[in-house]
*Asks:* 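Got a structure here, written out as structure tokens. Questions coming.
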Number of protein chains: 2
Amino acid sequence: MSLPHAILTALLEKPSSGLELTRRFDRSIGYFWSATHQQIYRELGKLEQAGRIRSLPSAAPARGQKKEYEVLAAGRAELSDWVRRSEEPKPTRDALLLRLRAAAVVGTEGFADELRRHLSLHRAQLDEYLAMEERQFPPERDTEADRLRHLVLRGGIELERFWTGWLTEALAEFERLGPG
Amino acid sequence: MSLPHAILTALLEKPSSGLELTRRFDRSIGYFWSATHQQIYRELGKLEQAGRIRSLPSAAPARGQKKEYEVLAAGRAELSDWVRRSEEPKPTRDALLLRLRAAAVVGTEGFADELRRHLSLHRAQLDEYLAMEERQFPPERDTEADRLRHLVLRGGIELERFWTGWLTEALAEFERLGPG
DNA sequence: TTACTCATGTAAGCAGTTACATGATTGT
DNA sequence: ACAATCATGTAACTGCTTACATGAGTAA
């Protein structure tokens, strides 16, 4: 049940409409919890019905008209609870590692290309995170909230470093196995 | 669509019944693609109907009776295709990073305990992987398939190292922020 | 005969994905 | 007038989770 909480977090950072949220998910929150606009609109409806957010009075209720939402006290309380609740980490589900294991059984022909492709995607993501780090966290920004958000970004950075490192190692192994 | 392919891989490694598969998922394949017995039985039914696997002739069709499956040529071909197909990596969805970002907004009280708990879970998983590495990949086992399966396990190991490293860093940051 | 474990399933519901629909606003 | 873009939705479907049901074999 993370999506509603991701939305509450985003709305607390800045009240927004559904489309604005969708865009912010595409380039910020979504790096850790992606969502499409369909999911977001559906969830905004549920959150409003549950009394956790409300649409700003200025907003027209018509279709095609922008509708801005803000978080109510009940929404903040719910988010605060969620952060404190203890939750089990979800078991890993990674298709690439699974496919490599399958390749060990049915053969690796053509798989090196896929590894190269993933490597370049992860390198690009890593570069993007590093650029974000420079822009968003210059040394003078150092409030408690800044340090925490920086920590989250460093999580993303180190995760991409893991992928680029492992993929590089995997490609080296493939070259040792011979051209295929 | 990874679960059917995970099952095909497991069945190629060794023909099994549903419950045996469930157990192997719990301690091997499931480290990269977890599944419950309900999922597995449902998927076995679909794979059999699609002509990708068959239950061994010896097996009684009665409820409560063990039923063993093996992969047919069509199943191997499908798995082989899947390994070669190019697939986009799924966007990351990590609840802990998301919760830390929420904590930056609503306050971190009580969150350090959760970080410590996750750290100890990841340390335990790392130890388990390292023990598996010693057992399953002694220097003399060095066929192509061994090297590939070892590479998969090293992926798991390095992923757990990322988590333990980042969580340690996060806890250090929390202590700098002051006791809470 | 009761309880426990092995083994296979059914059913309901939730979360996420994909495809499509509809209205409002702006530029040419 | 039309096309493009902004903006909000609906519907159908797939995959995963949770809770429960049922039968067979075995040991006290």
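In what follows, every chain begins at residue 1, and chains take the letters A, B, ... in the order their sequences are listed.
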*Asks:* If the cut-off is 4.0 Å, is A/K67 near the phosphate of D/dG9, judged by side-chain N/O to OP1 or OP2?
*Replies:* yes
*Asks:* Checking B/R154 against A/W166: charged group under 6.0 Å from the ring centre and within 45 degrees of the axis?
*Replies:* no
*Asks:* Any side-chain N or O of B/Y41 under 4.0 Å from OP1/OP2 of C/dT8?
*Replies:* yes
*Asks:* For A/L56 and D/dA7, give me the distance from atom CG to atom P, rounded to whole Å.
*Replies:*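 Value for this atom pair: 15 Å.
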*Asks:* Would you call the rings of B/Y129 and B/Y31 parallel, tilted or perpendicular, taking 30° and 60° as the class edges?
*Replies:* perpendicular
*Asks:* Is it true that A/S80 and A/R84 share a donor-acceptor pair across their side chains at a distance under 3.5 Å?
*Replies:*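 Yes, side-chain donor-acceptor contact under 3.5 Å.
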*Asks:* Considering residues, nucleotides and ligands other than B/R117, do more than 12 of their heavy atoms fall under 6.0 Å from its CZ?
*Replies:* yes
*Asks:* Between P on C/dT8 and CD1 on B/I40, what's the gap in Å once rounded to a whole number?
*Replies:* 11 Å
*Asks:* Might you list the N or O atoms of the protein lying below 3.5 Å from N or O atoms in nucleotides 15-19 of chain C, with each pair's distance?
*Replies:*
| from | atom 1 | to | atom 2 | distance (Å) |
| --- | --- | --- | --- | --- |
| C/dG16 | OP2 | A/Q39 | NE2 | 3.4 |
| C/dG16 | O3' | B/R93 | NH1 | 3.2 |
| C/dT17 | OP2 | A/Q39 | OE1 | 3.3 |
| C/dT17 | OP2 | B/R93 | NH2 | 3.0 |
| C/dT17 | O4 | A/R42 | NH2 | 2.9 |
| C/dA19 | N6 | A/Q38 | NE2 | 2.7 |

*Asks:* Heavy-atom count check: over 12 atoms from other residues, nucleotides or ligands less than 6.0 Å from A/R123 CZ?
*Replies:*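 Counting other residues, nucleotides and ligands, CZ of A/R123 stays at 12 neighbours or fewer.
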*Asks:* Going by distance alone, is a donor N or O of one side chain under 3.5 Å from an acceptor N or O of the other, for B/R101 and A/S28?
*Replies:* yes
*Asks:* Would you kindly give the CG-to-C1' distance between A/D26 and D/dA7, to the nearest whole Å?
*Replies:*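 Interatomic distance, CG of A/D26 to C1' of D/dA7: 15 Å.
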*Asks:* Would you mind reading off the distance between B/K66 atom NZ and C/dT8 atom P, rounded to a whole angstrom?
*Replies:* 8 Å
*Asks:* Can you tell me how far P of C/dG23 sits from CG of A/L19, to the nearest Å?
*Replies:* 18 Å
*Asks:* When the distance from CZ of B/R23 to C1' of C/dT8 is rounded to whole Å, what number comes out?
*Replies:* 12 Å
